[in-house]
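Structure, as structure tokens:
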4 protein chains.
Amino acid sequence: MAGSTFGRYFRVTTWGESHGVSIGCIIDGCPAGLPLGEEDIQPMLDRRKPGQSQFTTQRPESDTVRILSGVFEGKTTGAPIAMEIANLSQRSADYSQIAEVFRPGHADFTFQQKYGIRDYRGGGRSSGRETAARVAAGAVAVKLLAHFGIRVFAYSERIAGVSVNPEHFSREERDRNKLYMPDKAAAIKAAEAIAAARAEKDSVGGIIGCLIDGLSAGLGEPVFDKFDAKLAQAVLSIGAVKGFEIGEGFHAADLRGSEDNDGFFCENGAVRKTSDHSGGTLGGMSDGGQVYFRAAVKPTPSIAKEQQTVTTDGRNVTISVHGRHDPVIVPRAVVVVEAMAALTTADLLLAGATSRLSALDTVYGK
Amino acid sequence: MAGSTFGRYFRVTTWGESHGVSIGCIIDGCPAGLPLGEEDIQPMLDRRKPGQSQFTTQRPESDTVRILSGVFEGKTTGAPIAMEIANLSQRSADYSQIAEVFRPGHADFTFQQKYGIRDYRGGGRSSGRETAARVAAGAVAVKLLAHFGIRVFAYSERIAGVSVNPEHFSREERDRNKLYMPDKAAAIKAAEAIAAARAEKDSVGGIIGCLIDGLSAGLGEPVFDKFDAKLAQAVLSIGAVKGFEIGEGFHAADLRGSEDNDGFFCENGAVRKTSDHSGGTLGGMSDGGQVYFRAAVKPTPSIAKEQQTVTTDGRNVTISVHGRHDPVIVPRAVVVVEAMAALTTADLLLAGATSRLSALDTVYGK
Amino acid sequence: MAGSTFGRYFRVTTWGESHGVSIGCIIDGCPAGLPLGEEDIQPMLDRRKPGQSQFTTQRPESDTVRILSGVFEGKTTGAPIAMEIANLSQRSADYSQIAEVFRPGHADFTFQQKYGIRDYRGGGRSSGRETAARVAAGAVAVKLLAHFGIRVFAYSERIAGVSVNPEHFSREERDRNKLYMPDKAAAIKAAEAIAAARAEKDSVGGIIGCLIDGLSAGLGEPVFDKFDAKLAQAVLSIGAVKGFEIGEGFHAADLRGSEDNDGFFCENGAVRKTSDHSGGTLGGMSDGGQVYFRAAVKPTPSIAKEQQTVTTDGRNVTISVHGRHDPVIVPRAVVVVEAMAALTTADLLLAGATSRLSALDTVYGK
Amino acid sequence: MAGSTFGRYFRVTTWGESHGVSIGCIIDGCPAGLPLGEEDIQPMLDRRKPGQSQFTTQRPESDTVRILSGVFEGKTTGAPIAMEIANLSQRSADYSQIAEVFRPGHADFTFQQKYGIRDYRGGGRSSGRETAARVAAGAVAVKLLAHFGIRVFAYSERIAGVSVNPEHFSREERDRNKLYMPDKAAAIKAAEAIAAARAEKDSVGGIIGCLIDGLSAGLGEPVFDKFDAKLAQAVLSIGAVKGFEIGEGFHAADLRGSEDNDGFFCENGAVRKTSDHSGGTLGGMSDGGQVYFRAAVKPTPSIAKEQQTVTTDGRNVTISVHGRHDPVIVPRAVVVVEAMAALTTADLLLAGATSRLSALDTVYGK
């Protein structure tokens with residue numbers, strides 16, 4: 001498992017299992033001089049904290065982050081920033097069921113096949129809990145991006161078939177309801193649909209939208225490390241995500257070139273686009289407009305409904321997964337998408353610093 | 001631009017611009033002992049060659065690959081495999097228009113913004129021609145995968161709003177029509193739709209499907225280098241791709257857990273799935289089933305229709321892009337998707353070799 | 001500072017400053033199934049623990065390691081192994097002097113120049129304390145290598161001008177004296193030389209030798225990641241090391257080819273060497289013999305003797321560095337060299353697993 | 001063999017075997033806007049060209065470099081720079097001897113053991129010829145560094161036991177004699193010693209010194225990617241190099257702290273050192289002074305003298321290696337050391353661009 005690092009310049013490496021001692025991360029490559037404290041991290045972590053509403057896991061975790069290194073007198077020093085979140089909840093007893101049965105829709109089976117051993121407590125490394133470490137790292141990226149006027153904003157765009165009405169879109173509203181939907185009416189309807197699914201021992205999925213504002217043109221590295229390609233990896237690396245699209249996305253497949261292309265025009269010396277079908281990138285680089293992408297999130301695989309499965313020793317059985325499970329992953333994943341988008345953007349921001357000789361000139365005072 | 005390398009174990013680095021001396025690639029990390037010759041590469045390259053039908057660029061390129069290193073007496077030696085494809089067509093005159101105008105839907109503007117300089121001839125580094133180097137590399141990956149019984153099969157699933165009928169799906173048919181559609185009737189209808197768009201000086205998009213067969217369970221590295229996440233990066237790194245989804249993809253957003261989960265059952269000692277909504281991965285690792293993903297391809301941005309744009313010195317103008325352009329990118333991109341999927345799979349196949357101590361034991365004869 | 005990761009397959013990332021909350025590391029890529037517990041790590045850490053003798057820092061640290069993740073029921077799971085060592089000693093008051101003066105021979109000045117900020121407490125990130133994290137990681141590598149019959153053995157070869165007599169070389173003796181010299185008589189003489197230097201408020205340096213046994217031929221990647229090249233990086237990355245040589249090393253510069261070449265002969269079907277001037281590598285790969293390299297360690301830069309230096313605000317002053325400082329770094333660095341050599345070897349062991357198609361065949365049961 | 005890439009920001013990947021079609025390299029990550037042409041590369045390549053004197057291989061190679069990509073209208077574009085050098089000499093017949101016998105001191109045996117196959121023609125991938133690709137890449141790094149006032153200067157410091165007299169050191173003289181010794185008298189004596197060794201069918205070794213001037217303080221990444229650590233890897237990755245030392249190097253082992261430390265003083269607002277025992281780095285970062293390191297080069301392993309060895313099928317035989325071989329590698333390796341030092345420095349120069357937030361501010365115009 002050499003896949004625990006993301007980014008090449010702003011590099012994040014995470015550790016931790018659901019029911020181990022702790023989870024955490026190291027950020028290597030964060031520039032020195034960024035004001036940073038735990039108070040910058042905690043609020044973002046709190047947004048994914050379980051037990052906040054009837055729609056999220058009732059696990060009693062404080063998810064308190066500790067910065068272990070890399071910050072001195074309130075500023076980053078350039079040294080790796082390690083952050084740790086203790087696992088308070090280690091009631092392994094709850095999870096004895098998982099030890100011997102492969103849960104449908106989970107990674108129990110594939111972990112066992114790959115490694116021949118698996119930490120079955122709470123899903124171990126494949127638990128959604130691992131994303132807390134990403135969010136902690138993401139909060140640092142968010143702070144760095146904010147310094148450059150870049151803001152990442154993710155939200156629940158659709159849950160259980162209920163979509164946000166673009167005309168009612170409100171950034172403020174996102175933070176007022178527990179579903180992180182930027183549309184109050186939609187949030188109410190979606191909550192009803194979630195409740196209905198839960199009543200039937202079932203779960204629902206949805207779509208997360210994400211906007212990145214304040215980008216200048218040229219972010220992203222051509223060919224394999226395109227901005228959209230790295231965003232896609234970042235977002236698909238979140239357990240429940242099954243799809244990614246940018247701008248018109250799959251809809252572009254049915255458009256004509258004349259409909260999909262964004263024209264350019266010049267206004268007060270600045271080049272602008274006549275529309276934004278591209279979603280803010282061209283040739284894998286930011287085009288100066290707002291980046292807009294969407295992630296499809298599958299329904300929570302842990303459901304109380306009976307499902308067909310097998311035991312680790314090959315017996316056919318049925319399982320109904322009980323315990324503290326969200327009937328929908330979307331709301332808690334919103335901040336994870338935001339974190340991953342921020343990490344991707346921060347990494348490419350650093351990567352872009354050496355694109356031009358003239359930029360290096362300014363760095364080295366030439 | 002440090003984004004020209006893909007893969008960590010089976011590493012591909014490409015070079016080249018549309019109208020430079022040549023394009024090519026180096027593969028570092030291919031195991032020694034694989035039978036390989038130019039005859040393994042050329043057929044796959046020929047599938048993306050322009051000028052093959054009325055729907056593809058009329059540029060007269062032979063796209064002949066030369067292996068420069070890494071192969072000795074018909075086998076790979078473990079040394080880097082360099083491959084080169086000469087650029088026969090270097091008529092820069094054709095492209096003088098691009099030098100001074102940013103084409104809508106192209107990377108002209110973003111390259112200029114990022115680097116302050118751009119090789120405008122034929123799109124330079126952002127030209128679709130760069131993908132020939134990927135296909136050459138992909139052909140080596142295909143050969144390696146075939147040795148392990150793994151096969152990647154991509155195809156045009158939808159073009160100009162015309163979809164393949166799953167009931168008529170035929171692998172053989174894919175290679176019989178110029179649109180690489182595995183359904184003859186659909187191909188005929190799609191061809192008509194393309195012709196209609198072209199007649200209106202316009203272009204169309206579509207969707208590419210891709211199947212990977214023969215995978216054992218456990219391929220893919222947890223957390224950031226999940227199989228689906230790396231596939232997503234790989235596919236989105238292709239210029240015109242705007243979306244990626246695996247299994248139910250965006251459709252999963254509207255399913256319930258009980259509909260989306262695949263149950264398990266045991267048959268003759270093997271664990272199988274009762275359905276395949278996941279698309280062949282669980283927790284970012286292959287689950288032993290067929291991998292199925294889809295890529296959304298935007299319509300060709302180069303259209304003869306008049307579009308609004310600006311010159312490099314900021315004048316508002318209109319442009320109608322003439323020259324040798326495909327009215328649809330999908331057919332030629334099919335083999336590129338196949339190449340990128342093969343490269344991703346090969347990389348993770350190598351990565352997986354050290355997952356278990358017992359695997360290392362067999363390697364080192366313990 | 002993106003240099004906190006070592007290795008590409010067996011990847012170690014360290015965090016921590018001398019007087020921060022804790023130091024630690026993550027190992028990503030350790031194969032699953034390796035028996036591992038804190039009892040495997042602690043003994044190696046204890047070997048570099050300060051306060052063990054009159055020659056080492058009197059800092060009262062227990063250096064107790066905690067495994068935070070990646071181990072389940074006594075075995076590695078393939079997930080990242082995080083390990084943490086708390087910093088008990090955080091008496092910043094001791095180090096107020098460093099805050100305003102650049103110590104000669106230390107990294108105070110260069111850190112300040114690079115980052116514009118520095119955690120001056122105890123040297124911060126550049127403190128020798130950082131090496132405890134490497135030793136913890138190295139202990140895991142040592143365990144992995146032991147599984148394959150590979151053993152790394154480092155020792156003090158020369159201290160304060162006193163060299164080990166090769167005829168008296170004894171592995172057991174190394175662990176009996178506090179200088180880690182495999183020659184009792186030399187250790188006694190070296191101790192006297194150290195005491196003499198200390199009496200004069202001065203310090204001494206020396207040379208560390210390192211042997212790696214049990215390697216089969218072929219370890220190391222040609223060209224840039226040669227075994228000896230990676231060992232050189234590994235060893236030079238230890239703060240006080242100023243030189244690296246393998247086999248005859250600098251002495252080879254004065255030999256003739258006929259003296260330096262090792263002949264081959266065949267004995268009972270095995271190829272052996274008639275001598276070992278190469279130090280166990282040929283063309284950057286292990287040649288089946290014992291690897292032997294040496295590292296030059298400079299004298300401790302912290303000395304009580306008065307030295308000329310400047311303050312952070314540019315005043316010329318003198319400094320005599322007091323506090324808990326070893327008069328010689330060599331003994332404590334022995335286990336660090338061992339750790340770095342083990343990490344290098346483990347990384348290349350994993351890298352080598354995919355060198356041949358036939359090796360992959362065994363992994364994937366073909 | 002995944003070791004063909006060097007650098008993380010200014011990344012060089014090489015390809016090619018001694019007697020394959022060609023050798024070459026790709027540089028990914030070179031900033032856009034650097035004036036560059038083949039005329040910048042060729043002179044440096046010419047310095048390592050064989051057949052220039054009685055002391056170097058008589059192989060008739062023109063070693064003409066072609067830039068294949070990444071340069072447009074005389075400037076780098078930010079795209080990967082591919083460079084190719086054709087192999088004119090492909091007389092495989094010459095090397096039939098190697099096919100069946102392992103040459104002492106060469107990598108024939110280890111390549112065979114690692115890969116089970118080897119391109120034996122002229123040593124294949126392990127041939128010194130591979131370094132031509134490094135030199136081509138190094139020339140680009142040299143050009144980039146020159147822009148920032150940084151100069152790398154390597155030279156033969158000692159050959160066959162004859163050392164340069166520091167008092168006669170002359171940069172101009174280095175380029176006047178074929179041994180690249182910056183001391184005419186020493187060059188004459190060394191030439192005699194080489195001739196004597198050759199007359200006895202033998203070869204000699206030596207030491208290469210290297211100076212890097214014009215560095216500001218702070219270059220190099222702490223911990224594993226220290227400037228000196230990466231230089232050590234770079235230099236040891238050259239086939240015949242057996243040792244690396246910086247500043248006092250191995251001599252520091254015998255110094256006292258008060259002798260080895262360099263004091264600081266302030267002069268006209270600038271911090272300077274009272275001496276330079278460190279060799280220009282502190283804590284793995286450039287300290288603002290001249291970097292000085294040395295590399296030990298073993299005697300040419302190919303000698304006409306009879307040596308004991310084995311055949312690939314295990315017979316004990318003797319071999320005397322005939323053909324076009326240098327009796328000393330040092331002179332031709334001088335430019336290779338220069339290239340590797342330049343590549344290392346360029347990589348760390350780019351790495352350092354994002355060390356501080358204030359540097360990023362200048363890049364992004366904040």
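Residue numbers start from 1 in every chain, and the chains themselves are labelled A, B, ... in the order their sequence lines are given, proteins ahead of strands.
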Side-chain (C/Tyr364) to main-chain (B/Leu349) donor-acceptor, under 3.5 angstrom
yes
Test of understanding: with ring pair (Phe, Tyr, Trp, His ring centres under 6.0 Å), list the residues that count as partners of C/Phe244, not counting sequence neighbours.
C/Phe293
Check whether any side-chain heavy atom of B/Leu360 sits under 4.5 Å from a side-chain heavy atom of C/His147, and report yes or no.
no
Counting C-beta onward and ignoring hydrogens, is there a side-chain heavy-atom pair between B/Leu357 and C/Leu144 closer than 4.5 Å?
yes
Among the listed options C/Gly33, C/Gly352, C/Ala359, C/Ala353, the residue most often paired with chain B at heavy-atom distances under 4.5 Å
C/Ala353
Inspect the surroundings of NZ in C/Lys75 and state if more than 12 heavy atoms from other residues, nucleotides or ligands are less than 6.0 Å away.
no
Rounded distance (nearest 0.5 Å) linking atom CZ of C/Arg356 with atom OG1 of B/Thr76:
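Going from the CZ atom of C/Arg356 to the OG1 atom of B/Thr76 covers 11.5 Å.
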What distance do B/Ser355 atom OG and C/Leu350 atom CG have between them, rounded to the nearest 0.5 Å?
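Here the rounded value is 9.5 Å.
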Name, in order of residue number, those residues of residues 8-15 of chain B that have a heavy atom at a distance of less than 4.5 Å from a heavy atom in chain C; otherwise write 'none'.
B/Arg8, B/Tyr9, B/Arg11
